[in-house]
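Residue numbers start from 1 in every chain, and the chains themselves are labelled A, B, ... in the order their sequence lines are given, proteins ahead of strands.
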Amino acid sequence: MLNIKNLVAHMISDKIDILTVDDLMDILEYPPNPDMGDVALPCFKLSRILKKSPVQIADELAAILPEDKYIERIEPVSGYLNFFVNRDIFIKETVEAILTKSKNYGSSNIGNGKNVVIDYSAPNIAKPFHIGHLRSTSIGNALYNIFEFTGYNCIGVNHLGDWGTQFGKLIVAYKKWGSKDRVEKYQITELMDLYVKYHEEAEKHPELDDEARAWFTKMEKGDKEALNLWQWFKDISLKEFSRIYELLDISFDSYAGESFYNDKMDAVIDELEEKELLTESEGAHIVDLEEYEMPPCLILKKDGSTLYATRDITAAIFRKNKYDFDKCIYVTGAAQSLHFRQWFKVIELMGYDWADKLVHVPFGTISIGGEKMATRKGKVILLEDVLNEAIDKTLSIIDEKNPDLENKESIAKQMGVGAIIFSDLSSNRIKDISFSWDEILNFDGETGPYVQYTHARACSVLSKADITNYHSFDPSLIDSRKEYNLVKSLALFPIKVVKAMEELEPSIITRYLVDLAQDFNRFYHNHSILNVDDVEIKKGRIALTFATKTTLENGLKLIGLKAPERV
RNA sequence: GUACCUGUAGCUCAGUUGGAUAGAGCGUUUGACUACGAAUCAAAAGGCCGCGGGUUCGAAUCCUGCCAGGUACACCA
């Protein structure tokens, strides 16, 4: 497909020897206003190299650049050299590429089949799935789709938090205050209550923590009673999680959680010992990182049990052996940044040259009314409540606006869930989010339902179209400002996909979809698509509508949303 | 205390990696459905881009010093 920047870069590079195509790709930019051109060369930087004024450079270049079928005209304007592409060719090539590639429009083979492990979601067993867990899940899932779309082979890992002292705490709480009946009856809610109760009591009686640690040590040593309880709690949690993943329509290639690495950690500890990285400090075994201006990385507690970092290091080595990844991506909260820097460094110190293939993808914290959510205090908003609330609201909107719609419940689910995911992915992942029911349940403006509605509207128009040979449209009849803006927007999709992949930033796709939907809606309101007499004009507009529908659908799928044809 | 992140319209956020007049949505005010779907569109109002200095043809963007908020910093994950 036509890449205007690249084309112009070649044109100029041919005329000015000292500038390479790559240099020019960096310098060239898109003018703020389409009236000023499609690509611009600011000549200020060249001024020093060429020892001429920017104005003079622009004028001279305009005179010597060769004619090109893709470039309609070139205009020097006060130090800028503005290029106007041949719109007919640009429109034709862009729209035809979309019609031809269809579901593959925007995809590429940059990854060349290389493996990428994506570690995301990773909820803690025995804790409810709250709104805070959504971020890792939605970002990770979107990255999975984006990497697949750019030619990588992804392995999605749900590194379940199914091991650690927290289970010791839960066992203590269960034995002191719980009952089999209550747990069976109330499932995860009861587990959460026990967990909260434990923390209340532990404030007053710190010796409970010793008991909890003791139970965890028992687990690590294979104690039957401890392990049976643990397995029971885990089964209850998994049942709950799978219900939520089903709602979100997200699945994983592996559920190898922390407990999976139990029997694999000894070897790694030995290895650390052999490589003389392990030192003893205050009774614990650590890797000293003072030289790298970081606190030490804790490997073993003084009672000999393992820690988070121990399991992460073990898991990374295991994954490298099993998947030979080109990248291993960890989608977790920004609060864990130091932890990742620490153990990434340990991997490097162990002499593994793939340490630089480990990537932490941090995201901001979600708070409610300015306060952080804390399972330990029972202060949480459950994700399932939010999803159900959104689905209910969607259903009532459908009942009001489109009561005859078929499969109402299914569509309401697709849009309600979509609204939540979309909202979660709409700003840069590093930004903190303040949860608000009003905002998350507002379906006007830059929202998932807006994009889905736009897609359904395009589908609706297409289903009423009475001609099918619109592939052979005449681009010169697509001549309005609104139409051209839409085509330019459509052409951006593949670029945005690559950018989202490189920057590990799904919000680039989310924002793009809003822009594209806006451009389509403006076009839609300004032009009749079907109610025009001229068949040739109609063909072009139908082609545009089809191209928009295709691109919206591809984009929505990347961020994990459905694209229903009727809403 | 140290390190990292954030600061742009009343609110939530973009800002093409240093370019031309800083853009969207929500909210507010106003206009457009007997119309290819009004979950839409159009218009108005709303800005010392946290503050000061520096770098240069040119800064929301880079450097630096402050200020404010968040987070992390040894046996939780």
Side-chain angles (χ1 to χ4, degrees), chain A residues 26-27 29-33 36 40 42 44-45 47-48 53-54 77-80 82 122 124 161 163-166 169 209 212-213 258 281-286 293-303 305-309 311-312 332-339 341-342 362 364-365 367 370 372 376 394 397-398 400-402 415 419 423 426-428 430-434 436 438-439 442-447 449-450 452-454 456-465 492 495 499 507-508 511 514-515 517-518 521-522 524-532 541 545 566-567:
Chain A
D26 278 344
I27 301 174
E29 62 187 43
Y30 300 110
N33 180 332
M36 301 163 108
F44 312 99
K45 281 195 185 87
S47 176
R48 196 168 304 145
S53 78
V77 178
S78 57
Y80 288 91
N82 294 332
N124 285 328
W163 203 247
T165 317
Q166 78 220 35
K169 294 177 181 177
D209 286 334
R213 271 194 287 272
E258 302 191 329
S281 167
E282 296 171 33
H285 291 264
I286 64 163
E293 292 173 344
M294 282 187 274
C297 184
L298 277 272
I299 302 293
L300 288 174
K301 300 184 213 169
K302 52 180 165 224
D303 69 359
S305 57
T306 60
L307 285 126
Y308 189 28
R311 282 185 281 282
D312 271 342
T332 81
Q336 293 176 39
S337 295
L338 176 61
H339 162 75
R341 276 178 46 220
Q342 286 176 308
T365 322
S367 64
K372 213 181 137 183
R376 285 186 298 190
T394 309
I397 295 176
I398 292 173
E400 178 196 329
K401 307 206 183 229
N402 197 1
M415 291 187 88
S423 145
S426 56
S427 51
N428 284 339
I430 199 64
K431 299 242 177 169
D432 290 342
I433 292 181
S434 175
S436 138
D438 284 348
E439 255 172 67
N442 178 12
F443 297 163
D444 296 330
E446 299 173 333
T447 64
Y450 171 73
Q452 286 171 318
Y453 172 81
T454 306
R457 172 186 255 176
C459 288
S460 173
V461 171
L462 290 169
S463 72
K464 288 176 183 152
L492 279 177
I495 298 166
K499 199 174 170 197
S507 69
I508 289 173
R511 312 247 15 133
V514 168
D515 290 343
Q518 278 178 345
N521 283 322
R522 285 172 188 149
Y524 174 91
H525 273 270
N526 271 269
H527 303 284
S528 275
I529 298 166
L530 302 176
N531 302 327
V532 283
R541 292 183 182 167
T545 306
R566 296 276 178 278
V567 300

Using a cut-off of less than 4.0 Å, is there contact between a side-chain N or O of A:Y308 and OP1 or OP2 of B:A77?
no
Quick note, A:Q518 side chain, CB onward, closest among B:U6, B:C36, B:C41 is B:C41
Per the glycosidic torsion and the 90° limit around 0, nucleotide B:U21 is anti
Side chain of A:E29 (C-beta onward), nearest among B:G19, B:A39, B:C75:
B:G19
What contact category does A:N428 fall into here, base, sugar-phosphate, or nothing, at under 4.0 angstrom with non-hydrogen atoms?
sugar-phosphate
Which nucleotide, in any strand shown, forms a Watson-Crick or G-U wobble pair with B:G25, with both distances under 3.5 Å?
B:C11
Checking B:C75, B:G25, B:C57 against the side chain of A:F44 (C-beta onward), the nearest is B:C57
Using centres under 5.5 Å plus planes under 30 degrees as the test, is A:Y80 stacked with B:G19?
no
Under 3.5 Å, is there an N or O donor on one side and an acceptor on the other linking the side chain of A:N521 and the base of B:A38?
no
When rounded to whole Å, the CZ to P distance for the pair A:R311 and B:C75 reads 15 Å
Side chain of A:R457 (C-beta onward), nearest among B:C26, B:G37, B:C41:
B:G37
Does A:A456 offer a backbone N or O that forms a donor-acceptor pair with the side chain of A:S460 under 3.5 Å?
no
Which way is the base of B:C33 turned, syn or anti, if we draw the line at 90° from 0?
syn
Of B:A72, B:C76, B:C36, the nucleotide closest to the side chain of A:L307 is B:C76
Starting at atom CG of A:D303, determine the distance to atom P of B:A74, rounded to an integer number of angstrom.
18 Å
From B:G25, B:C75, B:A14, pick the nucleotide closest to the side chain of A:L298?
B:C75
Tell me if the side-chain of A:S281 makes a donor-acceptor pair with the base of B:A74, cut-off 3.5 Å, by modelled atom types.
yes
Using Watson-Crick or G-U wobble geometry with both distances under 3.5 Å, which nucleotide pairs with B:C73?
B:G1
I need the NZ-P distance between A:K301 and B:A74, as an integer number of Å.
15 Å
Among B:C76, B:A20, B:G25, which nucleotide has an atom closest to any side-chain atom of A:E446?
B:G25
Residue A:L338, side-chain heavy atoms: nucleotide from B:C73, B:U71, B:A39 that is nearest
B:C73
Closest nucleotide among B:A74, B:C13, B:A39 to the A:K401 side chain:
B:A39
Which nucleotide in B:A39, B:G37, B:A20 has an atom nearest any side-chain atom of A:A40:
B:A20
